[in-house]
Amino acid sequence: MKNVVQDLTSAGIDWQREKWQSGLGSKFIHQGEKNAAKYADEVIVLSKGVQDYFKETYGRETHFIPNGVNRPQIRELYRR
């Protein structure tokens with residue numbers, strides 16, 4: 001049997017978002033979050049708030065990798 005590495009990247013706590021509050025969407029997404037917190041080999045989060053949430057809610061350590069890039073530093077052009 002092959003070992004399968006599973007990871008989860010979480011940008012937010014989607015099951016709490018308003019658009020998922022009607023129907024089964026919220027419950028389905030929340031259960032997926034619980035499974036990922038329990039079974040994923042690694043969890044990557046895109047914000048410190050979500051990192052804190054996984055630690056407090058599931059006791060799960062995560063890797064914080066911020067989304068995006070740093071703004072470029074604007075420098076004055078050197079002319080001869």
Excluding sequence neighbours, so at least two apart, what forms side-chain contact (heavy atoms from CB on, under 4.5 Å) with [X]?
| X | value |
| --- | --- |
| K34 | H30, Q31, Y58 |
| D52 | E56 |
| K38 | none |
| F28 | none |

Backbone of A37 reached by a side-chain donor or acceptor of R60 within 3.5 Å: yes
Side chain to side chain contact (heavy atoms under 4.5 Å, CB included) evaluation trace for F54 with E33: CA-CA 10 Å; F54 269 84; E33 174 189 286; 4.0 Å; yes
Partner set under side-chain hydrogen bond (donor to acceptor under 3.5 Å, both in side chains) for Q73, not counting sequence neighbours: none
Spacing of H63 atom NE2 and E42 atom CD [to the nearest 0.5 Å]: 3.5 Å
CZ on F64 to CG on L46, rounded to 0.5 Å: 8.0 Å
Qualifying residues under salt bridge (Lys or Arg N to Asp or Glu O under 4.0 Å), relative to E76, sequence neighbours excluded: none
